[in-house]
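These values consider heavy atoms only, across backbone and side chains, with no hydrogens, waters or symmetry-generated copies. As the structure is a prediction and not an experimental result, all values here were calculated from the model. For this chain, numbers begin at 1 and follow the sequence in order. When a ligand or atom number is given, it counts from 1 through the structure's own listing order.
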Amino acid sequence: MNRSMRVLLASAEVAPYAKVGGLADVAGSLPKALHQLGHDVRVVMPAYPMVTQNERWSVRPLREFLVPIHPSWRETATLYTVESAPVPTYLLRVGAWFDNATESSKIYAVDPRAYIAFCHAVVQMVAEMADEWTPQILHCNDWHTALIPVLLRVKQQPFYSAIASVYTIHNLAYQGVFERDFFAETGLPETLFDIEGLEFYGKVNLMKGALLFSDYVNTVSPTYAQEIQTPEYGEQLEGVLRRLDAEGRLLGILNGIDYEEWNPQTDPHIPAHYSADDLSGKAVCKAQLQTECGWQPDPSKAVIGLVSRLTDQKGLDLIKAIGARILQLPVQLVVLGTGDPSYERYFRALHKRHRAKVHATIGFDNALAHRIYAGSDMFLMPSRFEPCGLGQMISLRYGTIPIVRQTGGLADSITPYDAEREVGNGFAFRAYQPEALYRAVEQAVQVFGQTERWSRLVKRVMQEDWSWSRSAGAYAELYARALEARARIATTTAQPAVR
Ligand code: GLC
């Protein structure tokens, strides 16, 4: 296990360069943690103009090459490196497919063929770079990079057959499903439009391809790894996922958070620093957050933060159903996020209607996110499903007590508070019902009213460890297993295995 491995991690978003959600945080922080364990991990992402043209990053072109995709489609790719990155970070420009991504909010507005081109380019890049560096493991993430593990096998070249592949599902709700005729664009042989391939109810499903062709698949929490094998959470891939599990190829590894970025003792974005030993800075952060929201600083009000993509996944309909009642409790709600227009409208309207109690910012604002994590007393995350969730871990680090629905990674990280024994690190409910959420908030507010008890809770959760030090080793083990599996296949069959 101590052997150093060469890993190339591919992701459509990587923090701090481009970020929409938790995928970026993981793609930014896991490689650093693995690097600290002694592994040679490198990262590749599309060359968005927001990165290549940003003076904050020093970006240098490395080489140019051709990417054949299918007989009537090829692209010129340019490989760049971000010289200031903590681990070697490559940016791939493929034709002009990503050139409109001038800010994070635009990265997913590209034509989906961009990802086809990107995946082919990554595979080509590995061959082009063979003179200096070859990964032993290609680690792909979510549907945008799902074609890579498929291409590695269909190439049927020993060079590619030797490279193990690991695929991480950060969110099963986005699978990259397209109409049948899109298949021709993938450059894959027609035989793979099959139930044992990428065919999915008459359409094309890129993630399904990755599930079938990767050596190992994992998702970002043990509970979600189980949940996705049921029809309720499986998004119609539960059958494939059950099969992977039966073959021992499906794992759940809980994410960690970047303890350098998220540190209340050093965070440059918050007005005062603090630690479990001295919480006075947290009181300052809260007072300033209240002021920023246009309220009188008032320690007796429980400030509830919500920083989230505003999508159905996040359980926002529960809040919609019960918002007015929650606001009758002695609470104030601070919201930051973008997403579904109907939720954006809802929170804007709530803000207008209850200015003294609700403040909503619709947009991306990293510094404000930090101020909310630090300045809130509680953090709301009533997710319908949650592969892992990072907000609850960040909250714990900042002494902000999560109120969560017990699902996926939330169930794996939050233990319900038990007043008698004073154990647990959050407030939780299980049934996906507004009333259940209400009761959890009510309980949190009640405990908040007992100042001493609350501050003991805050101090206790701040001492928990949610850094990558818990999980980076589990990824290293997964890589090692994938390598072994690959070595076995490469020696026992002349043909690369397509499973
Ligand atoms: C997605 C999931 C979230 C997870 C993150 C990183 O955003 O919705 O639960 O924490 O990916 O893996």
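Side-chain contact, D340 with T311: no donor N or O sits under 3.5 Å from an acceptor N or O. Side-chain contact check for D267 and Y398: at least one donor-acceptor pair (N or O, by modelled atom type) lies under 3.5 Å.
Of the protein's non-hydrogen atoms, H170 O, 3.2 Å is the one closest to atom 2 (C) of ligand 1. Atom 3 (C) of ligand 1 has its closest protein heavy atom at E386 OE2, 3.3 Å.
E435 has a carboxylate O that lies under 4.0 Å from a charged side-chain N of R325, or vice versa, which qualifies the two as a salt bridge.
Ligand 1 places these atoms under 4.0 Å from at least one heavy atom of V220: 12 (O). Which parts of ligand 1 touch N255 is read off a 4.0 Å heavy-atom cut-off, strictly below it: atoms 6 (C), 10 (O), 12 (O). Less than 4.0 angstrom separates some heavy atom of N171 from each of these atoms of ligand 1: 8 (O). Listed by number with element, the atoms of ligand 1 under 4.0 angstrom from any heavy atom of V26 are 6 (C), 12 (O). Counting the atoms of ligand 1 from 1 in the order shown, those under 4.0 Å from a heavy atom of Q313 are 8 (O). Annotation for ligand 1: atoms under 4.0 Å from non-hydrogen atoms of G389 are 3 (C), 4 (C), 9 (O), 10 (O). Near R309, with a cut-off below 4.0 Å to any heavy atom, the atoms of ligand 1 are 7 (O), 8 (O).
The aromatic rings of W454 and F448 lie perpendicular to each other, with more than 60° between the two planes, well past the 30° mark.
At a 4.0 Å cut-off, at least one heavy atom of P387 sits close enough to ligand 1 to count as contact.
In T168, neither the side chain nor the backbone holds a heavy atom less than 4.0 Å from any atom of ligand 1.
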(request) Could you check R153 against D215 for side-chain contact (heavy atoms from CB on, under 4.5 Å), going step by step and ending with a plain yes or no? (result) CA-CA 10 Å; R153 301 302 165 240; D215 292 305; 3.1 Å; yes
(message) Let's go through H39 and Y479 carefully: what are the C-alpha distance in whole Å and the side-chain angles of both, what is the deciding distance for ring-ring contact (aromatic ring centres under 6.0 Å, His included) to 0.1 Å, and is it a yes or a no?
(response) CA-CA 11 Å; H39 298 289; Y479 295 155; 7.4 Å; no
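Rounding to the nearest 0.5 angstrom, the gap separating the CG atom in N263 from the OG atom in S467 is 11.5 Å.
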In residues 374-383, what donor-acceptor pairs under 3.5 Å come from side-chain atoms, sequence neighbours left out?
unit_1	atom_1	unit_2	atom_2	d
S376	OG	I372	O	2.7
D377	OD2	K286	NZ	2.7
D377	OD2	V303	N	2.8
S383	OG	E386	OE1	2.6

